[in-house]
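Following: one structure in structure tokens, then a few remarks.
Throughout, protein chains are lettered first and strands after them, A, B, ... in sequence-line order, and every chain is numbered starting at 1.
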Protein chains: 2
Amino acid sequence: MDARKSIRAKSGTNLGGASAHNRRIMIDALRINGALSRADLARATGLTPQTVSNIIEELARDGLVQSQASVRKGRGQPATPYHLVPDGAFAIGLQIDRHVTRTVIVNLVGDVLVQTESKLPSGGPAEGVLVILDIVGKACETLMAQFPHAAGKLVGLGLAMPGPFGINELYDDPWMMTAWQNFPLAERIAEGTGLEVALQNDASAAATAERLLGAAHGLDHVVCIYLGYGLGAGLILNGEIYGGAYSNAGEIGMMLALAPGDDANVEPLEHYTSMASLCNVLGIDPSDPRLFALVTDAVADGGPAVERWINNAADRLRRTVQMLESIFDPQTTILCGGAPQALIDRLIERMGPLMPSIADRAQRYPEPRLQAGLADPWSVALGAAAEPIARAFDPRFSAILKTP
Amino acid sequence: MDARKSIRAKSGTNLGGASAHNRRIMIDALRINGALSRADLARATGLTPQTVSNIIEELARDGLVQSQASVRKGRGQPATPYHLVPDGAFAIGLQIDRHVTRTVIVNLVGDVLVQTESKLPSGGPAEGVLVILDIVGKACETLMAQFPHAAGKLVGLGLAMPGPFGINELYDDPWMMTAWQNFPLAERIAEGTGLEVALQNDASAAATAERLLGAAHGLDHVVCIYLGYGLGAGLILNGEIYGGAYSNAGEIGMMLALAPGDDANVEPLEHYTSMASLCNVLGIDPSDPRLFALVTDAVADGGPAVERWINNAADRLRRTVQMLESIFDPQTTILCGGAPQALIDRLIERMGPLMPSIADRAQRYPEPRLQAGLADPWSVALGAAAEPIARAFDPRFSAILKTP
DNA sequence: TGTATTAAATCAATTGTCTTGACTTATTTC
DNA sequence: GAAATAAGTCAAGACAATTGATTTAATACA
């Protein structure tokens with residue numbers, strides 16, 4: 001920063017910016033609609049057929065799209081549809097959770113190609129980052145064995161961790177992973193791998209996964225409540241993940257909202273409504289590698305402790321959904337998580353009937369007010385991997401701006 | 001919509017879109033920074049000096065910017081700063097509230113030029129719209145008397161009403177203005193005036209006003225809690241007002257959040273925390289034209305009923321702020337409203353100390369966690385008027401898209 | 001006082017992307 | 001088999017930003 005008073009302004013754009021936008025528009029249209037002919041794309045995007053033709057040709061040269069057999073649909077020359085080439089790009093997703101790290105590698109369309117899991121390295125992040133770099137390196141080798149041409153097509157690494165970030169001096173809470181959250185992990189991984197690394201919280205990553213492959217596919221206004229070790233919300237607003245001013249948006253687990261019978265000194269929501277609290281109630285060690293199976297069994301058995309927990313959690317989530325609907329007016333709310341499907345389903349069942357809210361309209365859109373999303377311990381890693389793909393290929397305001 | 005299966009895609013762009021974006025970028029930079037030379041603009045926007053020169057010349061031709069006296073600042077040729085021409089554009093703001101309608105006309109920089117107030121026409125919207133059209137027409141005449149050249153520079157009319165919109169069959173609540181909310185008022189005004197009309201809820205309009213002239217100026221992530229007849233939140237996310245999927249985002253007055261001592265059957269937040277509830281407690285008729293003065297006096301006198309109300313409202317707002325901070329991670333939260341300044345200040349005072357949240361960080365940005373915004377019965381009308389200005393001149397994703 | 005230096009702003013030619021309008025190709029309809 | 005319809009291409013043109021040289025006007029320094 002030089003001495004002159006700093007001037008704040010957004011970036012302008014140029015022909016390159018417009019072109020980049022149009023490329024992304026094409027890829028986005030193909031991702032949402034499956035396969036489209038050049039004429040379809042021209043109609044859908046408002047561009048001229050010639051422009052579409054040029055861009056498609058360029059994308060085909062780059063190995064991002066591919067033609068398929070032409071289809072006759074009435075009069076006129078048959079259309080040649082194009083679809084995204086799955087192996088057109090790859091990205092790595094890395095999830096750091098309280099007890100495990102998970103790595104996945106996905107392709108352009110979100111297929112998982114490599115998948116590894118290990119315990120969170122003990123000894124803290126300073127040493128642990130070396131272990132993690134090793135894990136990432138091994139995953140890349142596995143990928144290269146399958147797809148030798150993948151080297152130049154790795155668009156980045158998405159890192160997902162429980163939030164919040166950057167405020168740890170105030171909250172030294174055993175529910176948080178202070179050491180890892182304070183460590184410049186993204187920078188160190190970027191140095192170690194040479195890849196672009198983006199950090200987001202686990203709920204945002206889960207929401208990205210929902211948007212790519214799950215219930216939020218093709219929707220632009222969705223709240224994803226993520227039930228993991230903690231509790232968070234991934235916010236899809238105007239078709240993009242919203243991170244807030246300091247990447248901590250959606251930390252609903254830290255809300256101090258009351259339920260009937262609570263006194264004023266209520267604890268954060270995630271102390272009642274999270275896998276961690278359920279483990280607490282059930283006496284399960286959350287670092288147990290069989291965690292998922294143990295919880296699944298406990299939910300299936302359904303003892304009184306489980307029932308009590310589900311009732312309490314469902315009651316709080318019911319209020320949370322009403323609150324989030326009032327605030328966001330979303331197309332739908334999704335309950336997802338690194339939790340067994342049975343648990344998600346039980347919670348949704350117990351959350352009904354939902355409370356009245358502005359989302360409770362007579363002629364509802366096709367989407368229900370509340371629905372189950374991906375209930376998969378891998379969805380956060382998957383969403384983390386989807387982030388670099390989205391960053392590289394999705395239409396967004398920042399992609400239009402001039403690149404120096 | 002034709003018979004073929006509908007294809008969803010975003011719009012592409014072209015040179016015109018890029019150019020339109022750059023024009024907006026310039027105006028935005030001048031609005032935020034006051035006055036800048038072409039060289040300053042080039043540096044700030046990343047565009048070349050030549051491009052900036054061309055665009056500034058064009059803007060000057062359109063009467064939107066104007067040069068001022070050149071300033072010597074060290075070596076080299078003195079810079080010629082440009083600033084926005086206040087009379088470069090005009091817009092009308094129309095607020096429909098439970099008991100009054102307010103009309104303002106503002107110019108490009110947000111100065112209020114015309115200002116009228118009258119009772120909400122009785123007899124419902126079908127007849128009332130004619131009265132309103134007449135009011136708007138009169139306001140325009142007043143403007144033309146002052147600025148004869150304003151005719152072609154009227155960019156639109158912003159309409160602000162209490163929300164929510166479109167769900168009234170479910171909530172026939174005396175706190176809402178069902179008849180007006182169900183009437184296609186925006187369309188009718190558009191027909192009657194020939195202007196572009198945009199509808200938003202009053203809290204969003206208030207937030208727009210804060211962004212243009214108030215505490216949110218230059219900030220991109222702000223939650224504005226609007227205390228009016230009802231209670232709402234205007235959401236500034238990524239520098240734009242967020243309206244949700246169906247323009248009802250921010251209806252926090254309808255949240256069913258508990259405070260200590262509430263039972264499960266709690267009423268919506270705005271039944272405790274709004275000017276309407278205060279009037280209720282004080283026995284003031286909210287349709288009294290002296291409302292503002294009456295409330296101001298009552299707050300100054302500070303009887304036990306007022307104190308009780310303030311304590312209750314402050315307690316609920318304190319929780320609401322903690323909740324909104326956890327959800328949005330904003331740069332700041334603003335409490336504003338069509339309420340007396342003294343009331344806003346008293347509430348903020350009583351809301352302290354704020355509850356712990358992710359916004360409670362040690363090294364805080366310049367902005368405080370919570371601050372008072374515009375406390376002015378005119379701010380909603382002003383924000384409504386600012387909306388067409390923003391739509392016409394602010395950089396935004398949709399402005400880049402190709403215009404057919 | 002005179003020359004070098006620095007910065008703002010402009011001129012003229014160039015580049016890159018989309019657009020336009022005519023044209024080709026392939027299929028159905030009558 | 002001719003007309004109609006639709007997909008897709010070709011080649012020239014339009015438009016906005018870029019580039020590099022140039023002009024203008026101030027300060028710095030000898």
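Ring pair A:His21/B:Phe397: centre-to-centre distance below 6.0 Å.
With rounding to the nearest 0.5 Å, the separation of CD in B:Glu196 from CD1 in B:Ile92 is 13.0 Å.
In this structure, A:Leu47 atom CG and C:dT20 atom C1' are separated by 15 Å, rounded to whole Å. The separation between A:Leu41 atom CG and D:dA6 atom P is 18 Å, rounded to whole Å. Rounded to whole Å, atom P of D:dG8 lies 11 Å from atom CG of A:Leu36. Whole-Å rounding puts the A:Ile55 CD1 to D:dT9 P distance at 13 Å. The CD-C1' distance, from B:Glu57 to C:dT10, rounds to 10 Å in whole Å. Between the CD1 atom of B:Ile56 and the P atom of C:dT10 there is a distance of 10 Å, rounded to whole Å.
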Produce a footprint string for nucleotides 21-30 of chain C: one letter per nucleotide, 5' end first; B if the base is under 4.0 Å from any protein heavy atom, S if only the sugar-phosphate is, - if neither. ----BBBBS-
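The existence of a salt bridge linking A:Arg31 and A:Asp28 is excluded, since no basic side-chain nitrogen approaches an acidic carboxylate oxygen closer than 4.0 Å.
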Listed pairs under 3.5 Å, donor-acceptor, residues 77-91 of chain B side chains, sequence neighbours left out:
from    : atom 1 : to      : atom 2 : distance (Å)
B:Tyr82 : OH     : B:Arg38 : NE     : 3.3
B:Tyr82 : OH     : B:Arg38 : NH2    : 2.5

Show me the donor-acceptor pairs, under 3.5 Å and distance only, between side chains in residues 63-70 of chain B and residues at least two apart or in other chains.
none

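Distances shown here put every side-chain N or O of A:Arg43 at or beyond 4.0 Å from the OP1 or OP2 atom of D:dA6. Between A:Thr48 and the phosphate of C:dC18, there is no side-chain N or O to OP1/OP2 separation shorter than 4.0 Å. Applying the 4.0 Å criterion to OP1 and OP2 of D:dG8, one finds that A:Ser53 has every side-chain N and O outside that range.
Within residues 14-28 of chain A, the residues having any heavy atom closer than 4.0 Å to DNA chain D are, in order of number, A:Asn14, A:Leu15.
For A:Ile241 against A:Ala207, the heavy-atom pair with the smallest separation is CD1-CB, 3.8 Å.
Heavy-atom nearest nucleotides on DNA chain C were determined for A:Pro49 and for B:Arg38, and the one closer to the 5' end corresponds to B:Arg38. Of the two residues contacting DNA chain C, namely B:Thr13 and B:Ser37, the nearest-nucleotide position lying further toward the 5' end is that of B:Ser37.
Taking A:Gln50 as the reference, A:Asn54 meet the side-chain hydrogen bond (donor to acceptor under 3.5 Å, both in side chains) condition, with sequence neighbours excluded. Residues satisfying the side-chain hydrogen bond (donor to acceptor under 3.5 Å, both in side chains) test with A:Thr51, not counting sequence neighbours, are A:Thr48.
With 3.5 Å as the limit, one finds a donor-acceptor pair spanning the side chains of B:Ser37 and B:Asp40.
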